[in-house]
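Worksheet: one structure, shown below.
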Amino acid sequence: MEGAVRVQILSQMGISEVPSQYIQPPKNRPGSVTENIADLSCKHVPAVDLSSEKESVLPAIREACRDWGAFHVINHGVPTKLLDDLRRACFSFFNDFPMEDKLKYACNPNFAASEGYGSRLLVSSENETVLDWRDYFDHHTLPLSRRNPSAWPHFPPEYRELMANYSDEMKALVQRLLALMSESLGLKASCIEDAVGEFYQNITASYYPPCPRPDLTLGLQSHSDIGAITLLIQDNVGGLQVLKDGEWLLVDPLPNAILVLVADQTEIITNGQYKTCVHRAVTNASKARLSIATFHDPAKTVRISPVSDLLLFCTVCNKEEE
């Protein structure tokens with residue numbers, strides 16, 4: 001079992017200050033979240049309607065991937081009831097059950113990226129002792145040989161079935177999105193998925209308890225995802241921020257939408273034409289927040305490199321500029 005103190009316990013103690021290991025260095029602190037929201041409310045992550053004609057979807061995806069590395073998808077085909085039910089089940093696990101029961105699913109601290117219930121998944125390389133104000137449950141979901149629902153919570157009773165169904169829906173949506181992203185670059189539809197190989201999919205449900213000092217802490221420190229593509233849903237509380245042109249912008253929750261984040265390996269595969277999204281999560285003092293991120297990493301045996309057609313394109317562009 002993982003020995004770290006759960007952030008939820010600290011939050012429920014009613015402390016007025018946070019322990020020193022959660023305090024970010026001054027350069028990383030979010031400052032006044034309220035001011036950030038007010039100042040940057042005019043800028044929004046793009047939304048792409050997947051029910052539209054491909055002639056309008058492809059340029060919208062191309063612009064979003066180049067300028068933002070992130071976009072919402074709406075009319076995506078994933079049942080709204082599944083999204084709502086999974087959010088409800090994950091929130092219930094964190095919020096409604098005794099800590100002693102949850103700790104039966106605690107991560108093994110002796111293994112990196114261990115499946116289960118934990119509080120310390122991502123730690124900044126520059127600040128090894130600074131912790132995120134967050135608890136989480138990490139699920140290994142694909143390939144199917146990694147999927148072991150008995151390692152997931154059995155409470156609430158529908159949890160395991162919902163998570164398995166959601167995993168399958170996310171795989172299908174990612175395959176659709178990668179095909180559109182490939183076509184938006186003038187590549188054959190299977191190009192990026194062929195480069196990625198068999199998906200290694202993890203689903204992480206993150207629970208951000210109320211924090212007495214949101215000006216000093218982060219729910220999740222600044223980073224980009226190391227895989228190929230991430231799909232994220234959040235509740236209506238909000239707290240996710242993306243870095244755009246040197247500014248941290250709040251990603252307003254969009255009802256029934258799924259947020260797409262371009263990750264590091266896709267930036268490599270597209271030879272930098274599509275940018276990885278740097279993001280973080282801020283905290284708040286009044287409401288617990290939930291998000292569910294589905295990570296799709298390349299197969300372990302695949303060597304990632306730029307698509308040859310894009311290398312050729314860049315060579316031609318460089319010669320024309322000369």
Side-chain angles (χ1 to χ4, degrees), residues 40-87 165-196 199 201 203 225 227-236 238 240-245 249-263 265-267 269-279 291-296 307 309-310 313:
L40 305 175
S41 59
C42 60
K43 300 181 181 179
H44 297 285
V45 172
V48 178
D49 186 346
L50 294 186
S51 68
S52 299
E53 296 294 328
K54 187 179 287 189
E55 290 75 12
S56 62
V57 170
L58 293 182
I61 287 178
R62 181 167 58 248
E63 182 177 356
C65 289
R66 284 179 171 170
D67 294 347
W68 288 81
F71 56 97
H72 286 112
V73 287
I74 58 175
N75 295 318
H76 41 66
V78 181
T80 299
K81 186 177 187 303
L82 177 59
L83 302 180
D84 291 340
D85 288 349
L86 184 66
R87 276 188 289 246
N165 290 342
Y166 185 74
S167 165
D168 295 339
E169 290 281 356
M170 291 299 98
K171 178 184 177 182
L173 179 57
V174 156
Q175 289 175 315
R176 183 181 176 190
L177 288 167
L178 290 182
L180 291 169
M181 290 166 66
S182 294
E183 291 182 283
S184 72
L185 286 168
L187 306 169
K188 65 178 182 178
S190 63
C191 186
I192 296 179
E193 185 176 350
D194 289 345
V196 169
F199 294 125
Q201 184 196 72
I203 300 179
D225 295 335
I229 188 171
T230 301
L231 302 183
L232 183 139
I233 59 174
Q234 55 180 330
D235 59 18
N236 61 2
L240 178 68
Q241 295 183 329
V242 298
L243 188 63
K244 177 75 164 66
D245 300 329
L249 308 180
L250 187 74
V251 181
D252 294 321
L254 190 62
N256 303 325
I258 296 174
L259 182 68
V260 181
L261 300 174
V262 176
Q265 306 310 311
T266 294
E267 179 172 319
I269 292 168
T270 64
N271 199 29
Q273 292 202 41
Y274 287 173
K275 304 299 184 184
T276 191
C277 179
V278 177
H279 54 285
S291 69
I292 304 170
T294 307
F295 304 96
H296 295 85
V307 173
D309 288 351
L310 297 180
F313 174 80

Flag side-chain contact, heavy atom, 4.5 Å: His76 against Leu231:
no
Distance in Å, Asp235 CG paired with Ile292 CD1, rounded so as to fall on 0.5 Å steps:
9.0 Å
Should Lys171 and Asp168 count as an ion pair when the cut-off is N to O under 4.0 Å?
no
Test log, rule side-chain contact (heavy atoms from CB on, under 4.5 Å), inputs Leu240 and Leu259:
CA-CA 11 Å; Leu240 178 68; Leu259 182 68; 3.3 Å; yes
Does any non-hydrogen side-chain atom of Val307 lie less than 4.5 Å from one of Asn271?
no
Would you check if Ile233 and Arg87 make a side-chain contact, meaning some heavy-atom pair closer than 4.5 Å?
yes
Are the side chains of Met181 and Ile229 in contact, using a 4.5 Å heavy-atom criterion?
yes
Assess whether side-chain contact (heavy atoms from CB on, under 4.5 Å) is satisfied between Gln201 and Val174, documenting all intermediate values.
CA-CA 11 Å; Gln201 184 196 72; Val174 156; over 6 Å; no
Show the numbers, then the answer: is there a side-chain contact (heavy atoms from CB on, under 4.5 Å) between Cys65 and Phe71?
CA-CA 8 Å; Cys65 289; Phe71 56 97; 3.7 Å; yes
Between CD1 on residue Ile258 and NE2 on residue His72, distance to nearest 0.5 Å
10.0 Å
Atom CG of Leu58 and atom CD of Glu53: how far apart are they, to the nearest 0.5 Å?
11.0 Å
Output yes when a side-chain donor or acceptor of Thr276 lies under 3.5 Å from a complementary backbone atom of Val262, and no otherwise.
yes
So, for Leu180 and Val57, which heavy atoms are closest and what is the spacing to 0.1 Å?
CD1-CG1, 4.1 Å
Measuring from Ile192:CD1 to Gln175:CD, what's the distance to the nearest 0.5 Å?
13.0 Å
When you compare the side chain of His279 with that of Leu261, does any pair of heavy atoms fall below 4.5 Å?
yes
Are the side chains of Leu86 and Asn165 in contact, using a 4.5 Å heavy-atom criterion?
no
Looking at Tyr274 and Arg62, what are the two nearest heavy atoms and their distance?
OH-CA, 3.3 Å
Does Leu254 form a side-chain contact (heavy atoms from CB on, under 4.5 Å) with Asp252? I'd like the steps, not just the answer.
CA-CA 6 Å; Leu254 190 62; Asp252 294 321; over 6 Å; no
Starting at CG of Asn75, measure out to OG of Ser52 and round the result to the nearest 0.5 Å.
7.5 Å
Please report the closest heavy-atom contact between Thr266 and Ala228, naming both atoms and the distance.
OG1-O, 2.6 Å
Note: Arg176 and Leu50 closest approach over all heavy atoms is NH2-O, 3.1 Å
Quick one: OG1 on Thr80 to CG on Asp85, what's the gap to the nearest 0.5 Å?
10.5 Å
For Leu185 and Gln273 the tightest heavy-atom approach is CD2-OE1, 3.5 Å
Just wondering, do Glu169 and Pro79 contact through their side chains at under 4.5 Å, heavy atoms?
yes
Close side-chain approach of Leu249 and Val45, heavy atoms under 4.5 Å
no
Of all the heavy-atom pairs spanning Tyr166 and Leu82, show the shortest one and how long it is.
CA-CD2, 3.9 Å
